[in-house]
There are 2 protein chains.
Amino acid sequence: MAEDAITDGTTGGAETCCTPPGDVDSDAMATDLQVLTAMGNDTRYELLRRISNADDGVCVCDLEAAVGVSQSAVSQALSRLYTAGLVTRRKEGSWRYYEPTETTAALLETLDELRGAHE
Amino acid sequence: MAEDAITDGTTGGAETCCTPPGDVDSDAMATDLQVLTAMGNDTRYELLRRISNADDGVCVCDLEAAVGVSQSAVSQALSRLYTAGLVTRRKEGSWRYYEPTETTAALLETLDELRGAHE
DNA sequence: GAAACATATTAGTGCTCACTTGTATAAGCT
DNA sequence: AGCTTATACAAGTGAGCACTAATATGTTTC
């Protein structure tokens with residue numbers, strides 16, 4: 001069922017209003033959606049911003065106080081960000097430090113540019 | 001292009017495990033979240049991709065068949081994308097043509113680059 | 001080993017959201 | 001005028017999600 005639009009496109013006489021669009025790469029879609037849905041949430045977005053603003057990696061204990069949800073919620077949010085490839089985490093003693101990945105940096109920068117330079 | 005980087009009002013004598021992060025610009029956060037949540041959905045993402053792939057603007061009638069949800073759902077999705085500033089729409093006769101905005105183009109391009117860049 | 005701290009995991013729950021169905025508006029066609 | 005097509009809007013509903021609370025795991029210090 002890869003090829004479509006063969007059935008009645010030419011002979012049926014049904015005039016289409018515009019060019020039918022091509023398919024979407026489903027692998028890319030899955031990857032992008034994981035990133036977008038991970039970022040597209042108040043708590044996780046703010047965590048990402050705070051992690052990105054700090055130069056040296058942020059631990060959960062600080063983030064917890066900042067975003068106003070429970071420790072458990074912060075942990076879950078960070079876990080999700082990690083799974084989506086938006087943060088790295090390193091363990092140091094009993095603390096865990098989170099740092100932004102290139103994906104996070106690039107997307108936040110793009111968003112910043114778009115906000116700053118609207119036409 | 002230095003960021004605002006509001007200094008937090010932490011009155012600290014307490015020892016923390018790392019540097020406390022600064023605050024997040026809530027205006028920027030609201031704007032970015034509207035964009036991210038609008039893109040972060042299967043149907044809307046695919047609509048955006050299809051709209052972006054077409055050179056000349058796409059009308060709802062074609063999109064409807066492509067994404068596999070009802071006409072009403074497509075209309076609602078496009079409305080949301082429009083509200084979020086991700087597409088423009090122009091009316092031509094009884095059809096409506098949607099085209100990507102700069103925001104959409106920039107974000108999809110960033111996502112493409114990120115996917116292609118790492119191993 | 002026990003207690004205190006730091007983070008993760010599990011279970012349960014209210015709320016949001018994306019969909020479907022039905023209806024409304026508006027433009028072409030006969 | 002009616003009929004058909006193209007899109008939008010409104011109401012209702014099921015599923016997923018983000019939270020809290022409780023518990024578990026791991027680390028440091030006594």
Side-chain angles (χ1 to χ4, degrees), chain A residues 8 12-20 29-30 33-48 50-51 57-84 86-99, chain B residues 14-18 20 29-30 33-48 50-51 57-84 86-99:
Chain A
D8 50 359
E15 188 97 21
T16 55
C17 54
C18 54
T19 57
M29 175 165 157
L33 273 174
Q34 200 185 20
V35 169
L36 291 169
T37 55
M39 291 188 76
N41 168 265
D42 281 50
T43 300
R44 292 193 297 269
Y45 176 91
E46 185 163 5
L47 288 175
L48 266 190
R50 289 180 181 278
I51 291 171
V58 185
C59 70
V60 184
C61 56
D62 283 329
L63 294 170
E64 187 183 336
V67 297
V69 293
S70 72
Q71 173 268 319
S72 178
V74 172
S75 179
Q76 293 174 58
L78 289 171
S79 234
R80 171 116 184 232
L81 291 175
Y82 177 73
T83 301
L86 292 170
V87 296
T88 63
R89 56 180 172 192
R90 70 172 200 274
K91 200 169 185 179
E92 197 165 306
S94 58
W95 291 299
R96 244 190 180 155
Y97 292 88
Y98 287 83
E99 288 176 68
Chain B
E15 186 86 27
T16 54
C17 55
C18 54
M29 176 165 156
L33 273 175
Q34 198 184 22
V35 169
L36 291 168
T37 54
M39 289 188 78
N41 166 267
D42 281 51
T43 299
R44 291 192 297 267
Y45 176 91
E46 186 164 3
L47 288 175
L48 266 190
R50 288 181 182 277
I51 290 172
V58 184
C59 70
V60 184
C61 58
D62 283 331
L63 294 170
E64 188 183 335
V67 296
V69 292
S70 72
Q71 174 268 322
S72 178
V74 172
S75 179
Q76 293 174 54
L78 289 172
S79 236
R80 171 118 184 230
L81 291 175
Y82 177 73
T83 300
L86 292 170
V87 295
T88 62
R89 56 180 172 191
R90 70 171 198 275
K91 198 166 186 181
E92 196 165 305
S94 57
W95 293 298
R96 251 202 173 140
Y97 291 88
Y98 287 83
E99 289 176 69

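Computation of the quantities below employed the complete heavy-atom set of this structure, encompassing side-chain atoms and omitting hydrogens, waters and symmetry-equivalent molecules. Each chain gets a letter, A, B and so on, in the order the sequences are listed, and its residues count up from 1.
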Give, for atom [atom1] of [X] and atom [atom2] of [Y], the distance between the pair rounded to the nearest 0.5 Å.
{"X": "B/Y45", "Y": "A/T37", "atom1": "OH", "atom2": "OG1", "value": "11.5 Å"}
{"X": "B/L47", "Y": "B/D42", "atom1": "CG", "atom2": "CG", "value": "10.5 Å"}
{"X": "B/L33", "Y": "A/N41", "atom1": "CG", "atom2": "CG", "value": "7.5 Å"}
{"X": "B/L78", "Y": "B/L48", "atom1": "CG", "atom2": "CG", "value": "8.5 Å"}

* Asked: When you look at A/R80 and A/L86, which way does the side chain to side chain contact (heavy atoms under 4.5 Å, CB included) test go after all the steps?
  -> CA-CA 9 Å; A/R80 171 116 184 232; A/L86 292 170; over 6 Å; no
Nearest whole angstrom, please: distance from the [atom2] of [N] to the [atom1] of [X].
{"X": "B/E64", "N": "C/dA18", "atom1": "CD", "atom2": "C1'", "answer": "16 Å"}
{"X": "A/D62", "N": "C/dA6", "atom1": "CG", "atom2": "C1'", "answer": "12 Å"}
{"X": "B/W95", "N": "C/dG28", "atom1": "CH2", "atom2": "C1'", "answer": "9 Å"}
{"X": "A/L78", "N": "C/dA6", "atom1": "CG", "atom2": "P", "answer": "16 Å"}
{"X": "A/R89", "N": "C/dA6", "atom1": "CZ", "atom2": "P", "answer": "18 Å"}

Hey, is the side chain of A/R96 poking within less than 4.0 Å of OP1 or OP2 on C/dA6, counting only N and O atoms?
no
Open item on the list: Whether A/R90 contacts C/dT7 is assessed here as follows: a side-chain N or O lying under 4.0 Å from the phosphate OP1 or OP2. Is that the case?
Closed with: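 Answer is no, no contact under 4.0 Å.
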Taking every heavy atom of B/E64 against every heavy atom of B/S70, the minimum-distance pair comes out as CG-C, 4.3 Å
Query raised in the report: Is there a side-chain contact between A/L63 and A/I51, using heavy atoms and a 4.5 Å cut-off?
Result: yes
Check your understanding: Donor-acceptor pair, A/R89 side chain versus A/S79 backbone, under 3.5 Å?
Key ->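 A pair under 3.5 Å: no.
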Taking the side chain from A/S75 and the backbone from A/Q71, do they hold a donor-acceptor pair closer than 3.5 Å? no
> Is there a donor N/O on one and an acceptor N/O on the other, under 3.5 Å, for the side chain of B/S72 and the base of C/dT21?
Replying inline: yes
Nucleotide by nucleotide, nucleotides 23-30 of chain D touches protein heavy atoms under 4.0 Å in the pattern (B base, S sugar-phosphate only, - none) ---SSS--
*Base, sugar-phosphate, or nothing for B/Y98, non-hydrogen atoms under 4.0 angstrom?*
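Since only primed, P, OP1 and OP2 atoms lie under 4.0 Å of B/Y98, the category is sugar-phosphate.
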Listing time: all N or O pairs from protein to nucleotides 17-19 of chain D that are below 3.5 Å?
residue	atom	partner	partner atom	Å
D/dA18	OP1	A/R44	NH2	3.3
D/dA18	OP2	A/R44	NH1	3.2
D/dA18	OP2	A/R80	NH1	3.0
D/dA18	O5'	A/N41	ND2	3.3
D/dC19	OP1	A/T43	OG1	2.3

